[in-house]
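All remarks here apply to the structure that follows.
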Amino acid sequence: MEELKNYGHQHPLLMLNDEQLIGNGNGVVNCSRCGEKVSAPCFSCAECCGFYLHKTCAETPLELNHPFHRHHPLVLLQNPPSTSDTRCVCDFCDETCDKFIYHCSCGLDFHIKCALFTFNISERNLEELEHVALEDPSFSSKNDGGNLGKCFVCWEPLAIYTYFSFDCGFNLRKKCAELPPKMGHVCHRKHPLLLQFNSERLSCKICQVTPDRGLVYGCSPCKLAIHIDCASPLQFIEDKRHRVAYICGTCSIMVHKKCISLPRIIHHVFHYHRVFHTYFIDKEYSESLNCMWCHEVVDTEHGSYFCADCNVIFHVNCALKENLWYYIVSQENEDNKSLDVPVNSITKHGDKCCDGCLLLISAKFYHCLRCDFFLHKSCAELPKIELILDHHCAGKPFSGLKPFILTSDCMFQCDQWRYLSNGFSYKCRCGYQMCVRCVILQFEVKIAGHKHPLLFYYDYKEQCNGCGTDINKAYRCKDCNFGLCFYCVQRPTRVRHNCNDDPLKLTYHKINDYVKYYYCDICEEKKDPKYWFYHCETCDTSAHVDCVLGEYPLIKLRNTYNEGDHPHPLTFAKKFPYYPKCVECGEPCEDLSLEFAEPGCNYIAHWKCRK
């Protein structure tokens, strides 16, 4: 008998042959290291204490430099690392580790036989292959699910592959027994991919699935991993258990089968133009474009939806996130005609109000020489038909783009902002109506007084910095903790009010420290200086936003109202400083009123009292 002193046992060990193993009278015994049944040649304790070792287990090195794990050595431990809440599982065969294991500081654990088996795969030392016949999966009794029905290298089911089945219990696809140790791949040309354990649990670069066990082709410096089947050099990967992918032989683009059928052109609610699906974007944009939905940088190595006219881009998954937010365009040509407005001239003026959006005019605009009708140049060029995505007609399923018709000369309530208005609107056939300010509002806005643009977020739950109300959707600054509700974004920056001779300016900060400026000059109540208010620096006038705008901020005075039952056309008016009595209720007309001030008819009534 050969005597051996070995790691892990206090007594000398003796080598036994078949006769000596049978002659010791202990019957079937298990290896004290790997737990498997012992067969000769093996070692037993010279003191007969019941300690047995396979010859291969006895000769295992205390440290194993494994080619599939080049960063750290695997250290032989007598017991698995102590853990209080999880069991130790082998990262190759997925079975529990109870006895001696090879362990790495990065968290990998292997049975001895698993570490040695994979080592032999890496070194091409599988002499057993010469004596093992290939199994036919259609007749194999071992192909019954679980680990027995899978290849222990790629962890794919064996139902459609020929494979080797070893006495040690491992199954190995013929293809996986012949894998190259490294390869180049079109999806990662920077470095070669090495066959290795997926120690960092990285998801597959191609199919996005995280391999649980087995081997992958990976690049450790770039933290990249690819399934063995996904790394196939074939242009078409046929395994239905992975996502099917196609590769372009000219430009090396790799595309999932499902992504081949992505819509080429869509209209998205976040952008007025059509956006096109593309795989290539000019280098000048590659480091500067953020997704319009999530506002994160778009990786130009992948496909995206892009508007080249506006440099607007979406991640594919963000653009197609929900059917509510986009519509597939089937025709590339669309009408986008402008409104033909009978106007006479273009000029500049500081005290007029646009009949389209009802904001004060401070830039170029059109006006009619015959009447008091004014339009911003942008409002005069509004399209007659606007396609709007985020609208569902009541009682009807969502069917994509809805044509809204530009209308004027009518009183309506904006269904988006909830205010009454007599300006321009866009109206759906179902009756849903929006003011032009809501329709043209972009998903990225610049607010005077804040240095960064504000981006629209659908899931922002904070308080509005403009008015203090709780909000769940907001225009938010990506760089600062600053967000505004929909209403504050729409606030006019300059307004006129009877309390002041000059226009009032929307103000975002304290004017000074005098206590008197903490009071509203209209209602004479306190105002919170941390929220927005209107102020005139010339006259030292300050007022609450709601006190200045009132209940009807989108009504242009002196415009005609023809929808009532009065025999004469009425006009909108606010009587200041005297307040005539309403002919309907007898109370003073202090707010919005309708009047007909002609000889023989001095009709005036509250807007709420109209018939």
Side-chain angles (χ1 to χ4, degrees), residues 5-10 31-36 53-54 56-125 147 150-155 168-170 172 176 179-183 188 190-205 208-228 231:
K5 289 186 178 180
N6 202 57
Y7 170 81
H9 193 63
Q10 66 272 28
C31 176
S32 298
R33 282 196 171 177
C34 69
E36 301 286 333
L53 287 178
H54 289 115
T56 54
C57 290
E59 295 172 349
T60 52
L62 299 183
E63 284 191 359
L64 182 64
N65 294 311
H66 204 297
F68 290 159
H69 192 62
R70 296 170 174 80
H71 306 296
H72 315 110
L74 302 180
V75 180
L76 186 64
L77 301 180
Q78 186 170 355
N79 296 299
S82 59
T83 56
S84 58
D85 55 349
T86 58
R87 63 190 179 99
C88 182
V89 177
C90 175
D91 285 280
F92 180 69
C93 72
D94 203 31
E95 298 293 335
T96 302
C97 298
D98 294 323
K99 298 181 180 296
F100 284 74
I101 66 165
Y102 275 106
H103 173 75
C104 178
S105 58
C106 65
L108 288 178
D109 295 300
F110 301 98
H111 295 115
I112 291 176
K113 69 172 185 177
C114 294
L116 296 180
F117 182 76
T118 53
F119 185 87
N120 287 332
I121 292 176
S122 67
E123 296 292 324
R124 296 292 190 275
N125 290 333
N147 292 353
K150 294 182 179 180
C151 171
F152 277 70
V153 169
C154 66
W155 276 75
C168 60
F170 294 135
L172 182 63
C176 291
L179 291 172
K182 68 178 180 179
M183 65 181 298
H188 190 66
K190 189 175 182 180
H191 306 117
L193 303 181
L194 305 179
L195 192 62
Q196 61 188 32
F197 298 118
N198 189 21
S199 58
E200 296 186 67
R201 301 291 188 269
L202 300 173
S203 60
C204 175
K205 173 75 171 180
Q208 306 304 314
V209 175
T210 302
D212 292 326
R213 298 289 182 266
L215 302 176
V216 296
Y217 278 102
C219 177
S220 297
C222 301
K223 296 188 180 299
L224 177 142
I226 299 179
H227 280 123
I228 288 173

- Item | Closest heavy-atom pair and its distance - C97, C90 | SG-N, 3.4 Å
- Message: Contact between L215 and F197 at the side-chain level, heavy atoms closer than 4.5 Å - yes or no?
- Response: yes
- Student check: side-chain heavy atoms of Y217 and P180 closer than 4.5 Å: yes
- Query: Can you check side chain to side chain contact (heavy atoms under 4.5 Å, CB included) on H103 and V75, steps first, answer last?
  - Reply: CA-CA 5 Å; H103 173 75; V75 180; 5.5 Å; no
- Has the side chain of H111 got a donor or acceptor atom that lies under 3.5 Å from a matching backbone atom of T96? yes
- Please determine, by modelled atom types, if H66 and T118 share a side-chain donor-acceptor pair under 3.5 angstrom. yes
- Item | C219 SG to H191 NE2 distance, which is reported to the nearest 0.5 Å | 5.5 Å
- Student check: side-chain heavy atoms of S199 and F68 closer than 4.5 Å: no
- Please state whether the rings of H71 and H69 are parallel, tilted or perpendicular, taking 30° and 60° as the class boundaries. perpendicular
- Contact check, side chains of D109 and L77, non-hydrogen atoms, under 4.5 Å: no
- Task: Return the minimal non-hydrogen interatomic distance between E200 and K223, and the atom names on each side.
- Result: OE1-NZ, 2.8 Å
- Item | R201 vs D91 side-chain heavy atoms within contact, under 4.5 Å | yes
- Can you name the closest pair of heavy atoms from F119 and N65 and give their distance? CE1-O, 3.7 Å
- Which heavy-atom pair separates I226 from V216 by the least distance, and what is that distance? O-CB, 3.5 Å
- Exercise: identify the closest heavy-atom pair between I112 and F100: CD1-CB, 3.7 Å
- Item | Any side-chain heavy-atom pair of Q196 and S220 under 4.5 Å | yes
- Query: Quick one: are R70 and L194 in side-chain contact, heavy atoms under 4.5 Å?
  - Reply: yes
- Task: Any chance you could measure E63, atom CD, to L74, atom CG, to the nearest 0.5 Å?
- Result: 9.0 Å
- Message: Within this structure, what is the CG-CG distance for the pair L76 and L64, rounded to the nearest 0.5 Å?
- Response: 9.5 Å
